[in-house]
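The structure appears below as structure tokens.
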Amino acid sequence: MPDEPDLAGLEAERARLYAELSGVGDFRRGTLSAVFRKCGKPNCRCARPGERGHGPQWNWTRWAGGKTVTGHPRPGPELDKAQREAGEWERFRSLTGQIEAVNEAICDARPPLAGPGEAAPGGEGQKKGSAISSPRRSRPRPPRK
């Protein structure tokens, strides 16, 4: 049927995404942003209308241990490293999202497996029960003191 997704093609796409994921470098979870601030001195250049303020100051913000944690990488090699790590984090997130979508499509496209002489499962979500009952205690427990 032409409307059905190509299972082999989906599996090849997943393998390609896994290979690309293995090439992701060092990353850190969080967001890197530039912040401009005004110092509050009335004669400073930052007090002029239309001026953005002093900066940029770089903030690395992430959620850790139930709290927002902020770091301040300094311009130069430290900031360059933080920018690379932030880029790799975004790349990692994008790839894992794509892998999730492809796996979802694979699960939808893959036919159910049935063993020889077995019918494919049809009644999803229904309790089947067990033919073996659990052993009963011969006598009740004594009350705790």
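Hydrogens, waters and symmetry mates are skipped; everything else that's a heavy atom, side chains included, is used.
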Within [range] or reaching into it, pairs that qualify as salt bridge (charged side-chain N to carboxylate O under 4.0 Å, His left out) - sequence neighbours excluded:
range: residues 10-21; answer: Glu11-Arg110, Glu13-Arg16, Arg16-Glu20
range: residues 37-58; answer: Arg45-Glu51
range: residues 61-80; answer: none

(request) Using ring-ring contact (aromatic ring centres under 6.0 Å, His included) as the criterion, list what pairs up with Tyr18, not counting sequence neighbours. (result) none
(message) Using the ring-ring contact (aromatic ring centres under 6.0 Å, His included) criterion, which residues pair with Phe27? Sequence neighbours excluded.
(response)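 Residues passing ring-ring contact (aromatic ring centres under 6.0 Å, His included) with Phe27: Trp89, Phe92.
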(request) Could you pull out all residues at least two apart from Ser22 that satisfy side chain to side chain contact (heavy atoms under 4.5 Å, CB included)? (result) none
(request) Taking side chain to side chain donor-acceptor pair (under 3.5 Å) as the test, write out the residues that go with His72, two or more places apart. (result)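 Listed in chain order: Gln57, Asn59.
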(request) Taking side chain to side chain donor-acceptor pair (under 3.5 Å) as the test, write out the residues that go with Arg28, two or more places apart. (result)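 Result, side chain to side chain donor-acceptor pair (under 3.5 Å) vs Arg28: Glu85.
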(request) Evaluate the side-chain proximity of Ile99 to Leu21: yes if any heavy-atom separation is below 4.5 Å, no if none is. (result) yes
(request) Compare every heavy atom of Cys46 with every heavy atom of Cys39, then report the nearest pair and how far apart it is. (result)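 Smallest interatomic distance, heavy atoms only, reads N-SG, 3.4 Å.
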(request) Determine the minimum heavy-atom distance between Ala47 and Pro42, stating which atoms define it. (result) CB-O, 3.6 Å
(request) Run through the side-chain heavy atoms of Ile, Leu, Val, Met, Phe, Trp and Tyr, join any pair under 4.5 Å, and report what else lands in Val35's cluster. (result) none
(message) Can you pull out every ring-ring contact (aromatic ring centres under 6.0 Å, His included) where at least one residue sits in residues 36-70? Sequence neighbours excluded, please.
(response)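 Of all non-adjacent pairs touching residues 36-70, none passes ring-ring contact (aromatic ring centres under 6.0 Å, His included).
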(message) Quick test of your reading: applying side-chain hydrogen bond (donor to acceptor under 3.5 Å, both in side chains), list the pairs with at least one residue in residues 91-102, sequence neighbours left out, ordered by first then second residue.
(response) Glu88-Arg91, Ser94-Gln98
